[in-house]
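Data first, discussion second: the structure below is written as structure tokens.
For ligands, and for the atoms within them, numbers begin at 1 and follow the listed sequence.
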Amino acid sequence: MINLILFGPPGAGKGTQAVKLAEHFGLRHLSTGDIFRREMAEGTELGKAAKAFIEAGKLVPDDITIGMLKNNMVAHQPGTGFILDGFPRTIPQAEALDRLLSTLGASVSLVISLEVNDEELVNRLRGRALTSGRTDDADENVIRKRLEVYKNETLPLKDYYRKKGVLEDVNGMGTIEQIFSDICSRIRPLAG
Ligand code: AP5
Ligand code: MG
């Protein structure tokens with residue numbers, strides 16, 4: 001069972017690549033951001049709890065996020081691996097994921113960290129704001145806040161995965177197809 005994490009700042013291309021990789025390798029794509037947005041649109045309790053944090057560009061608290069991810073993972077057909085996009089974002093989330101996967105007899109196979117500079121990130125998110133309808137893209141201050149939160153709260157996770165020997169940095173600048181092909185070449189040995 002291959003379990004991948006797509007790691008990187010807002011706008012790095014996690015969602016874009018995750019959709020393609022999930023199809024190519026037959027993995028189940030789980031995006032915590034997409035799930036929160038769906039719950040917000042449906043006006044569920046979970047959506048209401050997450051809304052203020054997302055609109056401010058802050059992380060949703062760990063207990064809410066971990067509970068939500070657990071529910072989504074166990075509701076899943078056993079045996080197929082996952083591609084996680086936007087999770088984990090804190091050390092407690094990473095530890096919870098390790099425990100959860102170990103109950104399935106599995107572990108994190110590979111963490112792909114998409115490396116993109118800030119200028120390109122802001123340009124991409126400004127571009128996406130025109131069509132995404134995402135409230136956290138509409139305001140430049142919220143975009144900056146998300147980048148700051150990434151650096152302060154999420155970036156330290158790279159060390160956590162580097163120590164486990166599963167981290168690979170990938171150049172996230174270039175065409176979507178070039179980056180996809182680079183990531184595929186790193187996953188293929190695991191699938192073999
Ligand atoms: P989330 O939905 O995960 O957003 P994010 O991390 O801010 O990342 P984005 O979705 O904005 O970017 P992406 O890396 O997916 O890039 P994309 O492929 O879209 O989280 C949103 C919020 O939910 C968080 O702020 C937080 O509040 C909450 N949340 C979610 N998970 C959480 C967690 N685990 N814990 C706590 N809170 C959590 O690409 C971006 C744009 O660039 C697109 O327009 C795309 O078309 C374009 N693009 C992609 N690749 C390229 C390329 N190679 N060249 C040019 N353009 C490209
Ligand atoms: Mg995304």
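With a 4.0 Å heavy-atom cut-off, ligand 1 is reached by the side chain of T65 but not by its N, CA, C or O. Looking at M173 against ligand 1, nothing comes within 4.0 Å, counting heavy atoms. When non-hydrogen atoms are compared, ligand 1 lies under 4.0 Å from the side chain of I179 (C-beta onward) but not from its backbone. Looking at D137 against ligand 1, nothing comes within 4.0 Å, counting heavy atoms. Counting heavy atoms under 4.0 Å from ligand 1, residue D136 touches it through the side chain alone. At a heavy-atom cutoff of 4.0 Å, ligand 1 is contacted by the backbone of P9 but not by its side chain.
Between E120 and ligand 1, not a single N/O pair is under 3.5 Å apart. Residue contacts with ligand 1: F36 is placed with no nitrogen or oxygen under 3.5 Å of a nitrogen or oxygen of the ligand (distance criterion only). Remark: ligand 1 and T16 share an N or O pair separated by less than 3.5 Å (distance only, no angle test). Not a single N or O atom of F53, backbone or side chain, sits closer than 3.5 Å to an N or O atom of ligand 1. Residue G86 has at least one N or O atom closer than 3.5 Å to an N or O atom of ligand 1.
Heavy atoms only, all atoms of each residue included: G8 and K14 are closest at O-NZ, 3.1 Å. The shortest non-hydrogen separation linking L21 to C184 is CD2-SG, 4.1 Å.
Atoms of ligand 1 lying under 4.0 Å from any heavy atom of R146, numbered from 1 in the order shown and given with element: 5 (P), 7 (O), 11 (O). Close approach of ligand 1 to L125 is summarised as follows: ligand atoms under 4.0 Å from at least one heavy atom of the residue are 11 (O). Atoms of ligand 1 lying under 4.0 Å from any heavy atom of T32, numbered from 1 in the order shown and given with element: 30 (C), 31 (N), 32 (C), 34 (N). For ligand 1 and A12, the ligand atoms under 4.0 Å from any heavy atom of the residue are 14 (O), 16 (O). Atoms of ligand 1 lying under 4.0 Å from any heavy atom of K58, numbered from 1 in the order shown and given with element: 26 (C), 27 (O). Atoms of ligand 1 lying under 4.0 Å from any heavy atom of Q93, numbered from 1 in the order shown and given with element: 33 (C), 34 (N), 35 (N), 36 (C). Listed by atom number, the atoms of ligand 1 under 4.0 Å from G11 heavy atoms are 8 (O), 9 (P), 11 (O), 12 (O), 13 (P), 14 (O), 16 (O), 40 (C). Every atom of ligand 1 is numbered from 1 in the order shown, and the set under 4.0 Å from a heavy atom of G174 is 52 (C), 53 (N), 54 (N).
Side-chain atoms of R146 never come within 3.5 Å of backbone atoms of P10 as a donor-acceptor pair (strictly under, hydrogens ignored). The closest donor-acceptor contact from the side chain of R186 to the backbone of I112 lies at 3.5 Å or more, if one exists at all. S109 places no side-chain N or O within donor-acceptor distance of the main-chain N or O of L4, the cut-off being under 3.5 Å. Of the possible donor and acceptor atoms, none in the side chain of D137 sits under 3.5 Å from a partner among the backbone N and O of G133.
The single protein non-hydrogen atom nearest to atom 19 (O) of ligand 1 is R128 NH1, 2.7 Å, given as residue, atom name and distance. Nearest protein heavy-atom neighbour of atom 4 (O) of ligand 1: R134 NH2, 3.1 Å. The protein non-hydrogen atom at the shortest distance from atom 6 (O) of ligand 1 is R89 NH2, 2.5 Å.
Taking 4.0 Å as the cut-off between side-chain N and carboxylate O, E153 and K58 do not count as a salt-bridged pair. With respect to the salt-bridge test (charged N to carboxylate O, under 4.0 angstrom), the residues E140 and R144 qualify.
Note: F7 and Y150 have tilted aromatic rings, judged against thresholds of 30 and 60 degrees for the angle between ring planes.
Here the side chains of F87 and N72 are not in contact, with every heavy-atom distance at 4.5 Å or above.
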